[in-house]
Amino acid sequence: MGPDERKALASLDEAFGKELAHRMTGYNSRWLVEVFFSIFKRLFGEHIGNRLFPMMVISMNYRYVLYDIYRDFMIEARK
């Protein structure tokens, strides 16, 4: 990122506020992806018992579906 890009981002921060400017540009959103994969690995990624790659894929798909159900449940519980 060059100095001109930094100035443009700084002017967006000043004009709209940091929260809105970051939502508009996607800045600082990597942590959402990192949190998702951290939780996914912690809950379902200890090990894969299958030795054949197609079975590994099926196993991980099931684990992802389970995580999605768990996530939806937790989001509803917070409301």
Side-chain angles (χ1 to χ4, degrees):
M1 179 182 301
D4 293 334
E5 291 172 314
R6 285 191 199 104
K7 287 179 185 176
L9 287 176
S11 66
L12 275 176
D13 285 352
E14 291 173 11
F16 297 108
K18 281 193 176 217
E19 186 176 339
L20 184 58
H22 287 185
R23 284 186 186 175
M24 290 168 51
T25 60
Y27 180 81
N28 204 17
S29 59
R30 178 181 171 148
W31 68 273
L32 292 171
V33 176
E34 296 292 339
V35 167
F36 170 81
F37 281 108
S38 174
I39 292 171
F40 185 76
K41 284 191 239 177
R42 185 168 37 106
L43 291 175
F44 306 110
E46 293 177 1
H47 68 308
I48 298 175
N50 306 96
R51 293 179 184 247
L52 300 174
F53 183 73
M55 297 307 290
M56 288 180 196
V57 171
I58 291 170
S59 175
M60 290 308 296
N61 283 335
Y62 280 123
R63 289 174 188 221
Y64 178 75
V65 168
L66 288 173
Y67 172 74
D68 198 35
I69 292 169
Y70 174 78
R71 184 176 155 262
D72 290 342
F73 176 75
M74 294 305 292
I75 288 172
E76 287 298 319
R78 288 184 181 174
K79 289 182 180 176

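Everything numeric here is computed off the predicted structure, so don't read it as measured data.
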Hey, could you give me the OH/CG distance between Tyr67 and Asp72, rounded to the nearest 0.5 Å? 9.5 Å
Among Asp68, Asn61, Ile69, which one satisfies side chain to side chain contact (heavy atoms under 4.5 Å, CB included) with Val65? Ile69
Within one Ile-Leu-Val-Met-Phe-Trp-Tyr cluster: Tyr70 and Val35, side-chain cutoff 4.5 Å: yes
